[in-house]
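Letters A, B, ... are given to chains in the order of the sequence lines, protein chains preceding strands, and every chain is numbered from 1.
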Number of protein chains: 2
Amino acid sequence: MKTTKAQTIRKPRPTPTPRTRGDARRRLLTAAIRRIRQRGYANTSVDELCADAGVTKGAFFHHFSSKEALAIAAAEDFQSSAMDLFDRAPHRKLDDPVQRLLAYVLQRRKLLRGELPEFTCLLGTLVQETYATHPAIRETCNKALFEHIDWLESDVRAALARLRTRPRWSAKSLAIHIVSVLQGAFILAKAQSGTSAAIASVDHLHRYLETIFVSARSRK
Amino acid sequence: MKTTKAQTIRKPRPTPTPRTRGDARRRLLTAAIRRIRQRGYANTSVDELCADAGVTKGAFFHHFSSKEALAIAAAEDFQSSAMDLFDRAPHRKLDDPVQRLLAYVLQRRKLLRGELPEFTCLLGTLVQETYATHPAIRETCNKALFEHIDWLESDVRAALARLRTRPRWSAKSLAIHIVSVLQGAFILAKAQSGTSAAIASVDHLHRYLETIFVSARSRK
DNA sequence: TATTGCATACCGACCAGTCGGTATGTTTGT
DNA sequence: ACAAACATACCGACTGGTCGGTATGCAATA
């Protein structure tokens with residue numbers, strides 16, 4: 001097991017590595033977010049991920065202790081990117097919380113025009129596959145999903161405050177419903193290989209919100 | 001590689017197989033429907049499935065040409081069982097299509113009280129994981145999902161006929177939305193390891209249907 | 001006795017993770 | 001100012017084990 005001479009001297013120049021040093025982690029995360037959304041967690045191998053990211057296995061296990069650890073990091077990264085995307089949207093500056101909510105739904109509707117692996121949710125994909133076998137991943141996805149729900153809830157709460165009569169359901173339950181519809185829409189889009197069903201469902205969600213907050217006249 | 005005599009004579013009594021002959025296919029389907037819902041397609045191995053079903057690999061590949069073929073058969077079987085379950089429910093005999101729809105949603109809500117691998121949808125789980133890699137599975141799930149949607153659509157259509165004013169959206173779009181909400185609810189249930197979020201979402205769906213078909217006074 | 005319905009043994013491909021090693025900074029003692 | 005000492009980033013061959021699928025045999029039924 002000591003050094004065999006033949007092994008010690010391998011190649012004079014293994015790779016000149018023209019790529020910038022230090023971005024392997026970022027590249028792996030990006031590759032994972034794309035790949036897992038497209039092919040699922042179990043069906044994505046570490047080798048594929050490395051090839052995708054243009055790094056080696058050594059780099060992978062230098063930055064992540066396991067495949068599961070990468071998935072967890074990817075879920076967290078995905079969530080923070082998503083929050084950025086939705087929180088920086090111009091309609092966020094609207095004064096009316098009802099308008100903010102409706103604009104959010106329309107923003108998501110617009111996103112459906114892109115490609116499938118771009119608009120689908122990593123969290124939903126991941127958790128569906130791993131909830132029973134990888135508790136740590138499940139918990140991370142749950143946390144991220146409810147972070148988003150909480151974020152929505154504050155707008156729902158503000159919108160509810162403008163209603164004349166208090167409904168029997170909570171602000172949180174409606175925030176949950178919004179996320180639920182979106183997740184379901186993604187599944188139908190995958191089944192269809194198209195977005196017409198997803199759009200139809202999101203449109204109904206939009207109408208539901210209008211019915212609640214607009215048709216029922218607001219206090220203003 | 002020809003037969004070695006020592007291999008030919010193995011054990012005098014390999015297994016008396018007390019199990020009834022001829023049910024291996026059924027057992028494999030049942031095992032697959034449970035297991036894939038719980039652990040996903042890629043993470044379910046043929047060996048596990050065989051162990052679960054109490055059959056051997058030989059039996060597996062006698063009945064199914066591949067793992068993919070089993071998944072397709074399981075999806076079809078799952079769909080026909082589900083149709084049975086919902087179509088034979090007592091509330092199906094109600095005259096009012098609106099009541100039938102509301103009762104359907106309540107039935108699904110009630111199912112959420114069971115265990116996760118029992119009420120979740122094999123089709124949604126399967127298609128999310130395989131849509132990009134197994135076109136045949138995707139297509140089967142799509143077909144099954146839209147069979148269910150079509151089934152719902154006929155009630156929606158009948159319910160719409162009772163409304164005074166025709167809405168701008170189609171009967172099919174609402175049927176799609178119903179399925180979408182349910183699929184989303186399953187994802188949240190998996191993330192939560194609980195059903196409170198799923199129930200909240202299904203309740204909003206129920207209220208939406210009421211708003212459309214009940215609150216808006218019907219022609220009767 | 002032929003066909004169907006399994007059982008057992010096995011195979012090559014692939015997979016997550018390891019390990020010995022190198023290349024490139026960064027800090028520190030002099 | 002400079003080099004030794006250390007730390008970080010990365011490389012890629014290798015391993016033990018698992019996977020889907022195959023080859024072959026045999027027992028029960030028709």
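Between B:Ser65 and A:Thr56, the residue whose closest nucleotide on DNA chain D is further toward the 5' end is A:Thr56.
Rounded to an integer number of Å, the gap from NE2 of B:His62 to C1' of C:dT8 is 16 Å. Distance A:Arg25 CZ to D:dT8 P: 15 Å, rounded to the nearest Å. As rounded to whole Å, 9 Å separates atom P of D:dC19 from atom NZ of B:Lys67. Distance, B:His63 NE2 to C:dT4 P: 12 Å, rounded to whole Å. Between the CG atom of B:Asp23 and the P atom of C:dG5 there is a distance of 12 Å, rounded to whole Å. One atom, CG of B:Leu70, and another, C1' of D:dG20, lie 13 Å apart when rounded to the nearest Å. The distance between atom CG of A:Leu28 and atom P of D:dC11, rounded to the nearest whole Å, is 10 Å. Between B:Phe64 atom CZ and C:dG5 atom C1' the separation is 13 Å, expressed in whole Å.
Under the 6.0 Å cut-off for aromatic ring centres, B:Phe146 and B:Trp151 do not qualify, their centroids lying 6.0 Å or more apart. Residues B:Tyr104 and B:His148 place their aromatic rings such that the two centres sit under 6.0 Å apart.
Geometrically, B:Lys67 engages B:Tyr41 in a cation-pi contact, judged by NZ or CZ lying under 6.0 Å from the ring centre and within 45° of the ring axis.
DNA chain D lies under 4.0 Å from no heavy atom of any residue of residues 31-52 of chain A.
The base of C:dA16 is paired with the side chain of A:Lys57 by a donor and an acceptor separated by under 3.5 Å.
Stem regions annotated for DNA chain D: C:1-30 with D:1-30, counting only runs of 3 or more consecutive pairs of Watson-Crick or G-U type with both contacts under 3.5 Å.
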